[in-house]
Amino acid sequence: MSSEGSNPKQADLEIAYTCLSPSQNPGDKESSHPTIIFLHGGESCHLEFSRVVPFLTDEYEILLVDLPGHSRSKAIPFSFDNAINALSHLIKTQVKGGKAHIVGLSLGGFVGLEFARRCSELVLSLWCTGCAPFSGYRLWLRSQSRLLSGIIVVAGRLATERIFWASLGAEPIPGLRTEVKNNQNMTLLRPVFDELVSVTLENLAEIRGVRIAIIAGGKQDNVEDTVKAGKVLRSKNPECKAFVVRKANHWWSLQLPEVFAQGVRAWIEGSEMPKVYEPLLTAVS
């Protein structure tokens with residue numbers, strides 16, 4: 001579990017990342033393009049955004065990280081503390097201007113929200129999906145971290161390649177299934193679930209000065225919880241909004257990569273969101 005504020009200052013942690021940059025003009029010494037950091041879901045890795053980033057690399061520098069405990073960053077135990085530490089170090093040392101746009105899916109979205117709460121001065125904007133604080137049976141299930149982790153480990157071993165990709169509604173991405181299987185272990189999954197259930201609406205109410213879009217995949221995410229999260233975020237910052245993409249599943253960076261990228265671009269640029277992004281908050285709600 002997170003122990004924010006109770007430990008001495010940690011040494012800076014370095015997580016693995018892949019950098020994708022737009023073509024630069026001859027003579028340019030460094031990129032002048034805004035930076036987007038993509039944070040993947042639990043069990044996954046940076047490869048889950050492989051089909052999203054081609055729609056964005058024309059105008060943005062992209063950093064695709066592997067969160068602590070996952071894939072190339074597996075030597076760093078997963079916790080919110082470690083994730084925040086590593087992201088802070090990454091932005092301070094690798095991002096021009098010391099601020100970045102953050103995009104997070106599922107676990108990556110929760111990390112993004114916690115990062116915005118603790119380190120708002122490093123965030124230009126946050127676009128996150130599948131990360132509304134849990135309630136009801138969803139909260140209870142994820143609080144059973146040992147049981148749920150064991151189920152996922154067994155299911156991951158039993159699922160065929162065909163079943164795995166069919167469940168995501170996506171064509172295979174080379175290498176991703178192998179990384180997911182390697183990440184499906186009790187050492188990683190239990191602390192992931194323990195951290196997820198620690199995120200509450202009260203935590204979201206502590207975020208200041210960050211423009212946030214929180215999105216639900218209409219087929220699998222809890223839309224009602226997303227509305228609640230959106231209301232809390234907007235109560236502290238009127239620029240925050242909540243949306244649902246009705247045809248999207250939970251892991252929809254694989255399912256609808258172009259729609260995913262279009263929403264990211266619109267939010268970052270402050271332009272109108274694509275019509276498939278249905279607003280969940282009315283002017284008076």
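Below, all heavy atoms of this structure are taken into account, side chains as well, without hydrogens, waters or symmetry copies. Note that the coordinates shown come from a computational prediction; the quantities given were computed from them, not determined experimentally.
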**Student:** With a 4.5 Å cut-off on side-chain heavy atoms, are Leu63 and Cys19 touching?
**Tutor:** yes
**Student:** Yes or no on side-chain contact (heavy atoms from CB on, under 4.5 Å) for Leu176 and Trp165, after CA distance, side-chain angles and deciding distance?
**Tutor:** CA-CA 10 Å; Leu176 180 56; Trp165 290 106; 3.8 Å; yes
**Student:** Do we see a donor-acceptor contact under 3.5 Å between the side chains of Ser44 and Asn183?
**Tutor:** no
**Student:** Is a side-chain N or O of Arg211 found less than 3.5 angstrom from the main chain of Asn237, in a donor-acceptor match?
**Tutor:** no
**Student:** Can you tell if the side chain of Asn82 reaches within under 4.5 Å of the side chain of Pro77, non-hydrogen atoms only?
**Tutor:** yes
**Student:** If we ignore hydrogens and angles and just use 3.5 Å, is the side chain of Arg208 paired with the main-chain N or O of Ala205 as donor and acceptor?
**Tutor:**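 The answer is yes, because a donor-acceptor pair under 3.5 Å joins these two groups.
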**Student:** Answer yes if Tyr277 and Leu105 sit in the same cluster of Ile, Leu, Val, Met, Phe, Trp and Tyr residues linked by side chain heavy atoms under 4.5 Å apart, and no otherwise.
**Tutor:** yes
**Student:** Quick check: does any side chain N or O of Ser253 sit under 3.5 Å from a backbone N or O of Phe49, one acting as donor and the other as acceptor?
**Tutor:** no
**Student:** Do the side chains of His89 and Leu13 get nearer than 4.5 Å, heavy atoms only?
**Tutor:** no
**Student:** Is there a path from Val259 to Ile268 through hydrophobic residues (I, L, V, M, F, W, Y) whose side chains come within less than 4.5 Å of each other?
**Tutor:** yes
**Student:** Using a 6.0 Å cut-off, check whether atom CD of Glu121 has over 12 heavy atoms from anything other than its own residue.
**Tutor:** yes
**Student:** Could you tell me whether Glu269 atom CD has more than 12 heavy atoms of other residues or ligands within 6.0 Å of it?
**Tutor:** yes
**Student:** To the nearest 0.5 Å, what is the distance between OG on Ser71 and CG on Asp66?
**Tutor:**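 Reported value, rounded in 0.5 Å steps: 5.0 Å.
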**Student:** Decide whether Asn85 and Ser88 meet the rule of one side-chain donor and one side-chain acceptor closer than 3.5 Å.
**Tutor:** no
**Student:** According to a hydrophobic-cluster definition based on side-chain heavy atoms being under 4.5 Å apart (Ile, Leu, Val, Met, Phe, Trp, Tyr only), do Val154 and Met186 belong together?
**Tutor:** no
**Student:** Without hydrogens or angle criteria, can the side chains of Ser106 and His250 be said to hold a donor-acceptor pair below 3.5 Å?
**Tutor:** yes
**Student:** What distance do Cys119 atom SG and Ile102 atom CD1 have between them, rounded to the nearest 0.5 Å?
**Tutor:** 10.0 Å
**Student:** Rounded to the nearest 0.5 Å, how far does CZ of Arg190 lie from CD of Gln144?
**Tutor:** 10.5 Å
**Student:** Assess whether side-chain contact (heavy atoms from CB on, under 4.5 Å) is satisfied between Phe115 and Ile37, documenting all intermediate values.
**Tutor:** CA-CA 12 Å; Phe115 189 70; Ile37 298 178; over 6 Å; no
**Student:** Please confirm whether the backbone N or O of Phe164 pairs with a side-chain atom of Ser167, one donor and one acceptor, at under 3.5 Å?
**Tutor:** yes
**Student:** Give a yes or no on whether the backbone of Pro68 and the side-chain of His70 come within a donor-acceptor separation of less than 3.5 Å.
**Tutor:**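 Looks like yes, one N/O pair under 3.5 Å.
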**Student:** Evaluate Thr18 against Arg72 for side-chain contact (heavy atoms from CB on, under 4.5 Å), listing each step before the verdict.
**Tutor:** CA-CA 11 Å; Thr18 297; Arg72 300 173 298 173; 3.1 Å; yes
**Student:** Between the side chain of Arg246 and the main-chain N/O of Glu278, is any donor-acceptor distance below 3.5 Å?
**Tutor:**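 Side chain of Arg246 to backbone of Glu278, a donor-acceptor pair under 3.5 Å: no, none is there.
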**Student:** Tell me whether Val153 is reachable from Leu188 by hopping between hydrophobic residues (I, L, V, M, F, W, Y) whose side-chain heavy atoms are closer than 4.5 Å.
**Tutor:**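 They do share one cluster, since a chain of ILVMFWY contacts under 4.5 Å joins Leu188 to Val153.
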**Student:** What pairs with Phe260 under ring-ring contact (aromatic ring centres under 6.0 Å, His included), at least two apart in sequence or on another chain?
**Tutor:** Trp127, Trp252
**Student:** Cluster question for you: counting only ILVMFWY and a side-chain heavy-atom cut-off of under 4.5 Å, with indirect links fine, are Val123 and Ile214 together?
**Tutor:** yes
**Student:** Hey, do the aromatic rings of Phe38 and Tyr60 have their centres closer than 6.0 Å?
**Tutor:**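 No, the ring centres sit 6.0 Å or more apart.
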**Student:** Please round to the nearest 0.5 Å and tell me the distance separating atom CD1 of Ile212 and atom OG of Ser125.
**Tutor:**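 Ile212 CD1 to Ser125 OG: 9.5 Å, rounded to 0.5 Å.
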**Student:** May I ask you to test the Ile76-Ile15 pair for a side-chain heavy-atom distance under 4.5 Å?
**Tutor:**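 Counting from C-beta outward, Ile76 and Ile15 do come under 4.5 Å.
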**Student:** Are any of the side-chain nitrogens in Glu59 or Arg265 under 4.0 Å away from the carboxylate oxygens of its partner?
**Tutor:** yes
**Student:** Please determine whether side-chain contact (heavy atoms from CB on, under 4.5 Å) holds for the pair His40 and Leu67, giving the CA-CA distance in whole Å, both sets of side-chain angles, and the decisive distance to 0.1 Å.
**Tutor:** CA-CA 7 Å; His40 60 78; Leu67 289 168; 3.7 Å; yes
**Student:** Quickly, which of Arg117, Arg118, Lys236 forms a salt bridge (charged side-chain N to carboxylate O under 4.0 Å, His left out) with Glu206? Name it, please.
**Tutor:**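 Answer to the salt bridge (charged side-chain N to carboxylate O under 4.0 Å, His left out) test with Glu206 among Arg117, Arg118, Lys236: Arg117.
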**Student:** Using a 3.5 Å distance criterion without hydrogens, assess whether the side chain of Asn249 forms a donor-acceptor pair with backbone atoms of Leu168.
**Tutor:** yes
**Student:** Does the side chain of Leu189 reach to within under 4.5 Å of the side chain of Leu148, using non-hydrogen atoms?
**Tutor:**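 No. Closest side-chain heavy atoms not under 4.5 Å.
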**Student:** Any chance the side chains of Gln255 and Trp251 put a donor and an acceptor closer than 3.5 Å?
**Tutor:** no
**Student:** Got a donor-acceptor contact below 3.5 angstrom from the Ser145 side chain to the Asp194 backbone?
**Tutor:** no
**Student:** Under 3.5 Å, is there a donor-acceptor pair between the side chain of Arg142 and the main chain of Arg138?
**Tutor:**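 Checked: pair present.
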**Student:** Where the side chain of His46 meets the backbone of Tyr17, is there a donor-acceptor pair that is under 3.5 Å apart?
**Tutor:**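 Not a single qualifying donor-acceptor pair exists.
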